[in-house]
Undergrad: 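One structure coming up, written as structure tokens, with questions to follow.
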Amino acid sequence: MSGESLQQAALPLGITMGDAAGIGPELVVKLFANGLPAPAVVYGDTGSLVRAAGFLALSQVHIREFASMNNYLQESLTGHVATPATSDAVVIPVINCAPPIPASLPLGQVSKEAGQGAYAYLCQAIDDAMAGQIVAIVTAPLHKVSLKMAGVDHPGHTEILAQRSGAGQVGMMLLNDELRVLLVTIHIPLSAVPQQVTYENECTAIRLAHQACRQLGIEHPRVAVAGLNPHAGEEGRFGLEDVNIIAPAIEYMREQGVNVSGPYPGDTIFMRARKGEFDIVVAQYHDQGLIPVKYLGVDNGINVTVGLPFIRTSVDHGTAFDIAGQGVADESSLRVAFELAMKMRVVPE
């Protein structure tokens with residue numbers, strides 16, 4: 001399609017279904033069934049979505065498959081993309097970008113097929129976002145073991161997004177209504193964290209935290225940095241990383257115009273940010289940052305990849321294999337992620 005035609009079409013948000021054996025399919029079906037505030041397409045498996053609509057007893061949901069985003073956009077120009085058969089019907093447009101998931105695939109179990117599918121859905125969504133055919137990507141959960149079984153050498157969404165999009169440096173931000181957190185290190189063993197707490201990584205995380213806030217519409221962000229060691233090192237008594245690495249990085253980024261301070265003890269800084277003293281906290285490792293956010297509840301938690309050339313948001317929970325197929329999964333986090341993706345903007349670094 002030409003650039004002019006793309007502008008005329010109402011570009012959708014792209015939703016990736018995630019692991020077919022998890023709760024992703026039913027989250028997507030529930031999301032559409034309860035109404036969306038903007039056009040959306042699903043990168044996923046038609047059969048899995050049909051099965052989810054069946055055990056959810058949502059007979060008004062109809063799945064419509066498209067060979068590519070070009071096909072979808074061509075039809076969107078005519079207004080015939082989601083013409084319902086009846087007034088209460090809900091049509092879910094699905095981009096066909098992977099071999100069908102076997103109907104016999106057990107729910108709630110890791111599998112090569114589900115891993116291959118989840119990877120293919122995400123890759124196609126990234127490619128379409130890079131081509132300007134969708135305005136953002138919203139992801140349902142995938143399973144890291146299923147990815148590994150499928151031969152995918154990435155531990156999760158963030159790393160795939162960075163590699164496939166060609167983004168230089170990206171960061172993971174977790175947020176809800178009360179707290180925003182960006183991580184210095186993500187999916188590595190705790191024993192490897194000190195080696196990754198480098199001056200360069202600290203500066204990058206602070207810059208990305210500042211950028212993330214600006215993407216959310218906060219023009220003058222207040223960034224706080226959590227220390228690595230207890231009491232932020234207690235002036236070197238409990239470790240030297242806070243004094244020798246983190247503090248100099250904070251000082252440098254302050255000289256670059258970022259309103260950043262710290263390092264602060266990790267046991268109190270999140271409380272201070274929650275009370276409104278700071279707009280975002282830079283956490284040194286995965287659980288240091290995620291525990292405070294998830295303690296406040298996963299229903300409205302969102303995962304955002306910062307530093308990409310497009311917007312990507314995600315649910316703040318996993319595939320929940322233990323309840324897959326039972327129809328009890330709550331789509332609240334996916335809805336909040338969708339709504340946030342609509343509001344965010346790409347800003348220059």
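If you're wondering where the values come from, they're calculated on a predicted model, not measured in any experiment.
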Undergrad: Do the side chains of Leu179 and Val315 join up, straight or via other hydrophobic residues, at under 4.5 Å, putting them in one cluster?
TA: no
Undergrad: Should Glu241 and Asn229 count as side-chain neighbours, where that means a heavy-atom distance under 4.5 Å?
TA: yes
Undergrad: Provide the closest heavy-atom pair for Ala129 versus Ile137 in the form atom of the first, atom of the second, distance.
TA: CB-CD1, 4.0 Å
Undergrad: Would you say Val184 and Val304 are hydrophobically clustered, going by side-chain heavy atoms of ILVMFWY under 4.5 Å?
TA: yes
Undergrad: Step by step, work out the side chain to side chain donor-acceptor pair (under 3.5 Å) result for Asn70 and Gln74.
TA: CA-CA 6 Å; Asn70 275 331; Gln74 289 287 357; over 6 Å; no
Undergrad: Let's go through Val90 and His62 carefully: what are the C-alpha distance in whole Å and the side-chain angles of both, what is the deciding distance for side chain to side chain contact (heavy atoms under 4.5 Å, CB included) to 0.1 Å, and is it a yes or a no?
TA: CA-CA 6 Å; Val90 175; His62 303 276; over 6 Å; no
Undergrad: Heavy-atom count check: over 12 atoms from other residues, nucleotides or ligands less than 6.0 Å from Phe238 CZ?
TA: yes
Undergrad: Aromatic rings Tyr72 and Phe66: how do their planes relate, parallel, tilted or perpendicular, breaks at 30° and 60°?
TA: perpendicular
Undergrad: Do Val281 and Ile302 land in one hydrophobic cluster if side-chain heavy atoms of ILVMFWY residues count as linked below 4.5 Å?
TA: no
Undergrad: Would you call Arg254 and Ser261 a side-chain contact if the rule is heavy atoms closer than 4.5 Å?
TA: yes
Undergrad: Determine, using the 4.5 Å side-chain heavy-atom cutoff (strictly less than), whether Ile218 and Val223 are members of one ILVMFWY cluster.
TA: no
Undergrad: Decide whether Tyr199 and Leu182 are clustered together by the hydrophobic rule: side chain heavy atoms of Ile, Leu, Val, Met, Phe, Trp, Tyr closer than 4.5 Å, transitively.
TA: yes
Undergrad: Just so I know, are the side chains of Leu147 and Ile160 near enough to count as touching, which here means a heavy-atom distance under 4.5 Å?
TA: yes
Undergrad: Between Asn71 and Ser68, does a side chain to side chain donor-acceptor pair (under 3.5 Å) hold up when you go through it step by step?
TA: CA-CA 5 Å; Asn71 294 115; Ser68 68; 2.9 Å; yes
Undergrad: Would you mind reporting whether Leu142 and Tyr121 have side-chain heavy atoms less than 4.5 Å apart?
TA: no
Undergrad: For the side chain of Asp45 and the backbone of Pro100, is there at least one donor-acceptor N/O pair under 3.5 Å apart?
TA: no
Undergrad: For the atom pair CG (Leu308) and CD (Gln215), what is the distance rounded to the nearest 0.5 Å?
TA: 8.5 Å
Undergrad: Strictly below 4.0 Å, N to O, side chains only: are Glu200 and Arg207 in salt-bridge contact?
TA: no
Undergrad: Are Pro141 and Leu27 packed together at the side-chain level, in the sense that at least one heavy-atom pair is separated by less than 4.5 angstrom?
TA: yes
Undergrad: May I ask you to test the Leu161-Val170 pair for a side-chain heavy-atom distance under 4.5 Å?
TA: no
Undergrad: Go through the side-chain N and O atoms of Thr185 and Gln196 and say whether any donor and acceptor fall under 3.5 Å apart.
TA: no
Undergrad: Write down the atom of Gln60, the atom of Ala33, and the distance for their closest heavy-atom approach.
TA: NE2-CB, 4.4 Å
Undergrad: Can you run down the salt bridge (Lys or Arg N to Asp or Glu O under 4.0 Å) pairs that involve residues 138-154, sequence neighbours left out, and say none if there aren't any?
TA: none
Undergrad: Tell me the closest heavy-atom pair linking Ala52 and Val29, and the distance in Å.
TA: CB-CG2, 4.0 Å
Undergrad: Could you tell me which non-hydrogen atom of Ala114 sits nearest to which non-hydrogen atom of Leu105, and how far apart they are?
TA: CB-CD2, 4.2 Å
Undergrad: Any side-chain heavy atom of His220 within less than 4.5 Å of one from Asn259?
TA: no
Undergrad: What do you reckon, is CD of Glu235 surrounded by more than 12 foreign heavy atoms closer than 6.0 Å?
TA: no
Undergrad: Arg335 and Lys30: which non-hydrogen atoms are nearest, and at how many Å?
TA: NH2-O, 4.3 Å
Undergrad: Is the ring centre of Tyr295 less than 6.0 Å from the ring centre of Phe270?
TA: no
Undergrad: Test your reading of the model: is there a side-chain donor-acceptor pair from Thr204 to the backbone of Asn201, 3.5 Å cut-off?
TA: no
Undergrad: Is atom CZ of Arg237 surrounded by more than 12 heavy atoms (other residues, nucleotides or ligands) closer than 6.0 Å?
TA: no
Undergrad: Before you tell me yes or no, could you show the steps for Asp19 and Thr319 under side chain to side chain donor-acceptor pair (under 3.5 Å), namely the whole-Å CA-CA distance, both residues' side-chain angles and the distance that decides it to 0.1 Å?
TA: CA-CA 7 Å; Asp19 193 295; Thr319 50; over 6 Å; no
Undergrad: Heavy-atom distance under 4.5 Å between the side chains of Val197 and Glu202, does that happen here?
TA: yes
Undergrad: For residues Val243 and Gly236, report the shortest heavy-atom separation together with the two atoms involved.
TA: CG2-N, 3.8 Å
